[in-house]
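Beneath this line is the structure, given in structure tokens, with notes to follow.
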Amino acid sequence: MTVMDEWVTAACAELGLDPAQVPVPTVLDLAKDVAHQVLRPGAPVTAYLLGLAVGAGADPVGAAARLRDLAANWPVELGAEGPGDHPA
């Protein structure tokens, strides 16, 4: 078991969730894409938005794919900020 597996298991136990329902690779890939193609602080916010969508009944893999496509097509001029550029 990896540290990630242990963390997800413990966090799920704390929240009363089933760790088998957590698509860790999907969430990590989505966060990576948003961080690199849009902006770094957008990664955790997008993961939260994915969680809200899944909580409302969306398929996690399908919703993540839609968000990854959105990030992939995000206009460069609106995209990732340079080092040290952190929005308020």
Side-chain angles (χ1 to χ4, degrees):
M1 183 177 269
T2 68
V3 173
M4 179 64 78
D5 294 333
E6 291 174 2
W7 168 252
V8 170
T9 298
C12 284
E14 189 68 26
L15 298 173
L17 301 171
D18 177 4
Q21 300 299 311
V22 181
V24 172
T26 299
V27 174
L28 293 177
D29 286 343
L30 173 61
K32 175 190 67 163
D33 290 345
V34 171
H36 291 137
Q37 297 169 351
V38 183
L39 77 157
R40 197 173 313 166
V45 174
T46 303
Y48 179 78
L49 294 172
L50 176 64
L52 290 176
V54 170
D59 169 61
V61 174
R66 290 175 55 199
L67 291 169
R68 288 180 76 192
D69 287 345
L70 180 63
N73 293 304
W74 195 252
V76 174
E77 63 274 8
L78 298 177
E81 298 170 357
D85 294 338
H86 299 286

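For the residue pair Asp5 / Thr2, a side-chain donor-acceptor distance below 3.5 Å is found, with atom types taken as modelled.
For the pair Thr9/Met1, a side-chain contact is recorded, criterion being any heavy-atom separation below 4.5 Å from C-beta on. By the 4.5 Å heavy-atom criterion applied to side chains, Val24 and Val8 are counted as neighbours. At a threshold of 4.5 Å between non-hydrogen side-chain atoms, the residues Leu30 and Thr46 count as touching. Taking 4.5 Å as the limit, every side-chain heavy atom of Pro60 sits out of range of all side-chain heavy atoms of Thr26.
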Practice task
Could you check Leu50 against Leu67 for side chain to side chain contact (heavy atoms under 4.5 Å, CB included), going step by step and ending with a plain yes or no?
Solution key: CA-CA 8 Å; Leu50 176 64; Leu67 291 169; 4.3 Å; yes
Handout entry: Leu28/Met4 under side chain to side chain contact (heavy atoms under 4.5 Å, CB included): CA gap, chis, key distance, verdict
Key = CA-CA 11 Å; Leu28 293 177; Met4 179 64 78; 4.2 Å; yes
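Between Val27 and Ala47, the closest heavy-atom pair is CG1-CB, 4.3 Å. In terms of heavy atoms, Ala43 sits closest to Val34 at N-CG1, 3.7 Å.
Under the 3.5 Å distance criterion, the side-chain polar atoms of Asp69 are left unmatched by any main-chain donor or acceptor of Arg66.
The same ILVMFWY cluster, assembled from side-chain heavy atoms under 4.5 Å apart, contains both Leu52 and Val45.
Between the CH2 atom of Trp74 and the CG atom of Asp33 there is a distance of 14.5 Å, given to the nearest 0.5 Å.
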